[in-house]
Engineer: 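Below you will find the structure I want to go over with you.
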Amino acid sequence: MKLACGIVGLPNVGKSTLFNAITAAGAECANYPFCTIEPNVGVVPVPDPRLEQIRAHIETKQLVPAVLEVVDIAGLVAGASKGEGLGNKFLGNIRETAAILHVVRCFDDDDIVHVSGAVDPLRDIGIIELELAMADLDALQRAVERTAKKARGPDAEAKAAMPVYEKAVAWLDQGRWLRTADWSERELAVLRPLFPLTLKPVLYVANVAEDDVAGHSPHVATVRAHAAAQGAEVVVLCAQIENELAVMGKDDRQEFLADLGLHDAGLDRLVASAFHLLGLMTFYTAGPKEIRAWTIHQGDTAPVAAGVIHTDFERLFIRAEIYSVHDLFELKSEQAIRDKGRLRTEGREYVMRDGDVAHFLIGK
């Protein structure tokens, strides 16, 4: 399972620099708007120290981490929802992602052009969020127009959809994002086929100067305050530093982080936060060929988890033998886990837990 996060923001805020660092995909970086013409797509491993800990107790040939798909989308500008800049093309790219990483420039540098002339995080955030909201408003108004005539007839589906569309239009008219409203599952089922941009969860990424890696500047404080009002999180990092860290060896990387007074790289925090933002968690399979981390949604059952390994496994699922990685770390081997009675046999109704190690029995 690869669920995409779209990196968005104004031109020249550091999106492609950030993308380069987390994917090493070599996206072009240049000091002018729209240097990213097609969305760059990369897959970044999710930091997970538990993989190495499992290998300490189960011999294997390789470790395979969970991954997160990241899409670098060209900078939006005011009027994008009406076709300004590269306009609707990029709003369409954002619709295809599951969550938004909103990069906000929080550093001053006269050598890097700002599309609005000067750095102002609150204004910059407002431009992006207004364009996304306007695009949603346009899509929903068109949905109302399409549905209204059907709703006046015997079409039960249209009758059920109309009040949901009207509620969404009213909410957007108030300048609020759809994700901040209270929606029932039935209402969400009506809205999701439209892929609303403002229904997606958002993580704000404050891109700071090299001398502000702790994020103490007033610019960062502004982003934090806005995110708190939206019920969202903020990750502070310096994309330029992260780009340098990405090409370092492990020892040099740790030394460099220590010199900066940091315990971990900003990118590790970013990927972990994005993973959490999407409501994802990890389970493992472990054997002599590989120890692999698999990605599932919180609340997924054992058959769904088996289906992530192979689509047929969900349908052919019989049962699973499961234990927690913490049992392995404590007891040191799968045999000891069996001997202590901590290996559980679970059926189709079992809800997976983060850190489960699973062996699935599949029928024919």
Side-chain angles (χ1 to χ4, degrees), residues 1-10 13-16 18-19 21-23 25 27 36 39-48 65-76 80 90-104 125 128-133 135-136 139 168 172 176-181 183 185 188-189 191-207 223-224 226-237 239 266-282 294-300 308 354:
M1 179 188 301
K2 293 184 291 186
L3 293 172
C5 287
I7 303 178
V8 304
L10 290 174
V13 297
K15 300 182 307 302
S16 291
L18 178 61
F19 180 82
I22 60 180
T23 66
T36 306
N40 295 284
V41 181
V43 175
V44 56
V46 177
D48 189 350
V67 296
L68 185 72
E69 189 172 283
V70 180
V71 181
D72 177 29
I73 298 167
L76 296 172
F90 299 107
L91 292 173
N93 290 332
I94 301 169
R95 289 193 191 280
E96 296 171 6
T97 65
I100 294 172
L101 306 181
H102 186 164
V103 181
V104 185
I125 290 171
I128 298 297
E129 296 191 342
L130 177 61
E131 293 307 320
L132 300 185
D136 275 357
L172 289 165
R176 294 189 280 186
W177 274 38
L178 294 178
R179 67 184 174 86
T180 64
W183 302 102
E185 277 303 316
L188 288 173
L191 289 174
R192 284 187 183 119
L194 298 178
F195 301 102
L197 301 168
T198 63
L199 198 58
K200 300 178 187 298
V202 177
L203 176 66
Y204 294 93
V205 184
N207 185 17
V223 176
R224 290 189 193 279
H226 178 80
Q230 301 295 318
E233 297 182 11
V234 178
V235 171
V236 177
L237 53 74
L267 293 176
D268 289 347
R269 288 181 277 111
L270 173 62
V271 174
S273 294
F275 200 70
H276 179 262
L277 182 71
L278 290 168
L280 304 177
M281 67 180 189
T282 301
W294 299 91
T295 303
I296 55 175
H297 286 95
Q298 296 170 17
D300 280 349
V308 172
D354 185 64

Engineer: Going by the rule side-chain hydrogen bond (donor to acceptor under 3.5 Å, both in side chains), which residues pair with W177 if we only count those two or more places apart in sequence or in a different chain?
Structural biologist: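 Listed in chain order: nothing, the list is empty.
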Engineer: Would you indicate whether the side-chain heavy atoms of Q298 and L280 approach each other to under 4.5 Å?
Structural biologist: no
Engineer: Give the minimum heavy-atom separation between V235 and S273, together with the two atoms involved.
Structural biologist: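 Reported closest heavy-atom pair: CG2-OG, 3.7 Å.
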Engineer: If I compare all heavy atoms of T282 with all of A66, which pair ends up nearest, and what's the gap?
Structural biologist: OG1-CB, 4.4 Å
Engineer: Sequence neighbours excluded, which residues qualify as salt bridge (charged side-chain N to carboxylate O under 4.0 Å, His left out) partners of R176?
Structural biologist: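 R176 satisfies salt bridge (charged side-chain N to carboxylate O under 4.0 Å, His left out) with no other residue.
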Engineer: If you define the side chain from C-beta out and look only at heavy atoms, does anything of P65 sit under 4.5 Å from D48?
Structural biologist: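 SC-SC contact between P65 and D48 ruled out.
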Engineer: Find out whether L18 and D72 are in side-chain contact, i.e. whether some heavy atom of one side chain is under 4.5 Å from a heavy atom of the other.
Structural biologist: no
Engineer: Please report the shortest heavy-atom distance between V234 and A206, naming the atom on each side.
Structural biologist: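 It is CG1-CB, 4.2 Å.
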Engineer: If you round to the nearest 0.5 Å, how far is CE of M281 from CG of D300?
Structural biologist: 6.5 Å
Engineer: If you round to the nearest 0.5 Å, how far is CZ of F275 from CG of L270?
Structural biologist: 13.5 Å
Engineer: Any sub-3.5 Å donor-acceptor pair from D136's side-chain atoms to T198's backbone N or O?
Structural biologist: yes
Engineer: Report yes if some heavy atom in the side chain of V67 is under 4.5 Å from a heavy atom in the side chain of T295; otherwise report no.
Structural biologist: no
Engineer: Atom NE2 of H276 and atom CG of L203: how far apart are they, to the nearest 0.5 Å?
Structural biologist: 11.0 Å
Engineer: Among L178, L194, T180, which one satisfies side chain to side chain contact (heavy atoms under 4.5 Å, CB included) with L199?
Structural biologist: L178
Engineer: Among I125, V13, V205, which residue satisfies the side chain to side chain contact (heavy atoms under 4.5 Å, CB included) criterion with H102?
Structural biologist: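 It is I125, the one option of I125, V13, V205 that forms the side chain to side chain contact (heavy atoms under 4.5 Å, CB included) with H102.
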Engineer: Tell me the closest heavy-atom pair linking A274 and L68, and the distance in Å.
Structural biologist: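 Residues A274 and L68, closest heavy atoms: CB-CD2, 3.6 Å.
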Engineer: Restricting to non-hydrogen atoms, name the atom on R179 and the atom on K200 that form the minimum distance, rounded to 0.1 Å.
Structural biologist: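 Answer, listing the atom of R179 first, then K200: CD-O, 3.0 Å.
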Engineer: Are any of the side-chain heavy atoms of V236 and R224 separated by less than 4.5 Å?
Structural biologist: yes
Engineer: Looking only at heavy atoms, what is the nearest atom pair of C5 and L278, with distance?
Structural biologist: SG-CD1, 3.8 Å
Engineer: Taking the side chain as C-beta and beyond, is there a heavy-atom pair between T97 and V8 under 4.5 Å?
Structural biologist: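 Of all side-chain heavy-atom pairs linking V8 with T97, none is under 4.5 Å.
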Engineer: Nearest 0.5 Å, what's the CG-CZ distance between L132 and R95?
Structural biologist: 8.5 Å
